[in-house]
Amino acid sequence: MDKLTDDLRVLVRVIALQNDALARKITEYSNNQNAIKPRDLRSNHAVMTRLQSEMNQKSNEFFFEIKRGEVAPANRITISNEAAGRAMLAIDLLEPWSCHQIYKVFDDKYADIFGRKEVDAARVIFIMRIMWLIEKKLDGIEVRPLAHYALTKYFLASLLSKILRSSEGPRDVMRDPSTLPQERETEFLRKCADIVGTLVIDLNYEVQEKGPAFDYKADLKSPKQVEELSSLLLKSYEKDVARGKAESFAGW
């Protein structure tokens, strides 16, 4: 068996810094030959470590994963900062067309997503509960490639967010999930699921109407096309509510 020689020397460079921004730059430029991703560079950022610590303290159900390879404590559901960031990009910032560009979550849009004062562990969990109920409704989309397309769920999430923000009660909840009494959370999420179900039905109709002209891969990446399709679906939803055919938060 080969053995290491006693003459072996390993070159190590140690840089002591108290400047986070400079530390990120040194890490990035020193490791540009390796697969260092923006997410990796944010893993020790104060906001990430705060959210992870907060979730550990306030929830026995979830674990906030901020770096690759982390192992969640037993019996805890993992929420990655990547998944949470993409969800908030769609639901809070209403930019579903950017959710496939993961680098934006940890670079261009990082401060807008995670740097807001209202972003805490409770908000992350709440936003993810919304995403999970949307994912369960994707089976209702008739065009299967569209159902499985990465941006589809974020498009539906942005639509639901606009609907919730159009009424005072749910608008307050979206602004601060802690205002939602625990005993009403199940009812709130059920209403959300029903609304998404209606949006899926209307989306199926619009896709059928557009026929081959509907290029979902291109359209869901285009802010202009997303806004146009959103407007059509929101108008259809409002008509359904007026006819008593759709769930709403009226009187919430």
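The shown structure was predicted, so the numbers you read here are calculated from the model rather than taken from an experiment.
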Task: Distance in Å, K162 NZ paired with L164 CG, rounded so as to fall on 0.5 Å steps - done: 12.5 Å
- [ ] Mark yes or no for whether R116, through its side chain, and D112, through its backbone, hold a donor-acceptor pair below 3.5 Å.
- [x] yes
Task: Presence of salt bridge, K210 and E206, under 4.0 angstrom - done: no
TODO: Walk me through it: do D92 and I127 pass the test side-chain contact (heavy atoms from CB on, under 4.5 Å)?
DONE: CA-CA 9 Å; D92 289 350; I127 291 294; 3.9 Å; yes
Task: D176 side-chain N/O to V173 backbone N/O, donor-acceptor pair under 3.5 Å - done: no
- [ ] Please tell me if the side chains of M128 and I125 come closer than 4.5 Å, counting only heavy atoms from C-beta onward.
- [x] no
Task: CA sep, side-chain torsions, deciding dist, call: I91, M131, side-chain contact (heavy atoms from CB on, under 4.5 Å) - done: CA-CA 9 Å; I91 293 173; M131 288 306 306; 3.9 Å; yes
Task: Common cluster, L41/F106, ILVMFWY with side-chain heavy-atom separation under 4.5 Å - done: no
Task: Same cluster (ILVMFWY, side-chain, under 4.5 Å), L51 and I66 - done: yes
Task: Heavy-atom pair of closest approach, residues R129 and L189 - done: CD-CD1, 4.0 Å
TODO: Establish, yes or no, whether a centroid distance under 6.0 Å links the rings of F155 and W97.
DONE: no
TODO: Determine, stepwise, if the pair D215 / K221 fulfils salt bridge (Lys or Arg N to Asp or Glu O under 4.0 Å).
DONE: CA-CA 10 Å; D215 182 354; K221 291 177 182 175; over 6 Å; no
TODO: Dump the intermediate steps for salt bridge (Lys or Arg N to Asp or Glu O under 4.0 Å) on K224 and E228, then the final yes or no.
DONE: CA-CA 6 Å; K224 182 175 182 294; E228 288 182 0; 2.7 Å; yes
Open item on the list: Once rounded to the nearest 0.5 Å, what's the spacing between atom CD1 of I141 and atom CD1 of I201?
Closed with: 11.5 Å
Open item on the list: Using the rule given for salt bridge (Lys or Arg N to Asp or Glu O under 4.0 Å), can you reason through K104 versus E82, listing the C-alpha separation, both sets of side-chain angles and the distance that settles it, and then say yes or no?
Closed with: CA-CA 10 Å; K104 286 190 174 182; E82 179 181 307; over 6 Å; no
Task: Aromatic centroids of F114 and H45 separated by under 6.0 Å - done: no
Task: Shortest non-hydrogen contact from V105 toward G85 - done: CG1-CA, 3.7 Å
Open item on the list: Has T49 got a side-chain atom pairing as donor or acceptor with A46's backbone, closer than 3.5 angstrom?
Closed with: yes
TODO: To the nearest 0.5 Å, tell me how far K117 NZ sits from D120 CG.
DONE: 12.5 Å
Open item on the list: For the backbone of E142 and the side chain of N204, can you confirm whether one donor and one acceptor N or O come within less than 3.5 Å of each other?
Closed with: yes
Open item on the list: I'd like to know if the side chain of K191 and the backbone of S248 have a donor-acceptor N/O pair within less than 3.5 Å.
Closed with: yes
Task: M88 side, atom CE; F126 side, atom CZ - distance, nearest 0.5 Å - done: 12.5 Å
TODO: Look at D172 together with R175 and state whether they make a salt bridge at an N to O cut-off of under 4.0 Å.
DONE: yes
Task: Between S161 and R165: side-chain donor-acceptor atoms closer than 3.5 Å - done: yes
Task: Co-membership, hydrophobic cluster, residues L94 and V226, 4.5 Å side-chain - done: no
Open item on the list: Given 3.5 Å as the limit, does a donor-acceptor pair link the side chain of R86 with the main chain of Q101, or not?
Closed with: no
Task: Pair H100-Y154, side-chain donor/acceptor within less than 3.5 Å - done: no
- [ ] Drop me the distance from L138's CG to L203's CG, to the nearest 0.5 angstrom.
- [x] 10.0 Å
Task: Heavy-atom closest contact (R123 atom, P177 atom, distance) - done: NH1-CD, 3.4 Å
Task: CG on L233 to OH on Y205, rounded to 0.5 Å - done: 11.5 Å
Task: Backbone of S59 reached by a side-chain donor or acceptor of R76 within 3.5 Å - done: yes
TODO: Tell me, with the steps shown, if T152 and L220 meet side-chain contact (heavy atoms from CB on, under 4.5 Å).
DONE: CA-CA 7 Å; T152 302; L220 293 184; 3.8 Å; yes
- [ ] Report yes or no: do I77 and I134 belong to one cluster of Ile/Leu/Val/Met/Phe/Trp/Tyr joined by side chain heavy-atom distances under 4.5 Å?
- [x] yes
Open item on the list: More than 12 heavy atoms of other residues, nucleotides or ligands under 6.0 Å from CD of E168: yes or no?
Closed with: no
Open item on the list: I'd like to know if the side chain of S231 pairs up with that of E227 as donor and acceptor (distance under 3.5 Å, no hydrogens or angles considered).
Closed with: no
TODO: Compute both the distance and the angle, then confirm whether R184 meets the cation-pi test with W252: under 6.0 Å from the six-membered ring centre, within 45 degrees of the axis.
DONE: yes
Task: Under 3.5 Å: donor-acceptor pair, side chain of Y237, backbone of L199 - done: no
Task: Step-by-step side-chain contact (heavy atoms from CB on, under 4.5 Å) determination, V196 to L159 - done: CA-CA 9 Å; V196 174; L159 280 177; over 6 Å; no
- [ ] Can you see which heavy atom on A90 is nearest to which on A157, and at what distance?
- [x] CB-CB, 4.4 Å
Task: Under 3.5 Å: donor-acceptor pair, side chain of S166, backbone of I163 - done: yes
Open item on the list: Regarding E70 and Q52, do their side chains bring together a donor and an acceptor under 3.5 Å, going by distance alone?
Closed with: yes
TODO: Please determine which of R39, E65, K67 meets the side-chain hydrogen bond (donor to acceptor under 3.5 Å, both in side chains) test together with N81.
DONE: R39
Task: K58, NZ: over 12 other non-hydrogen atoms inside 6.0 angstrom - done: no
Open item on the list: With a 4.0 Å cut-off on N to O distance, would you call D240 and K235 a salt bridge?
Closed with: no
Open item on the list: Do L229 and F214 have side chains that approach each other closer than 4.5 Å (heavy atoms only, starting at C-beta)?
Closed with: yes
Task: Same apolar cluster (I L V M F W Y, side chains within < 4.5 Å links), L160/L234 - done: yes
Open item on the list: Please report whether the ring centroid of F62 lies less than 6.0 Å from that of W132.
Closed with: yes
TODO: Please say whether more than 12 non-hydrogen atoms of neighbouring residues, nucleotides or ligands are located less than 6.0 Å from CD in Q208.
DONE: no
Open item on the list: Using a 3.5 Å distance criterion without hydrogens, assess whether the side chain of S80 forms a donor-acceptor pair with backbone atoms of A83.
Closed with: yes
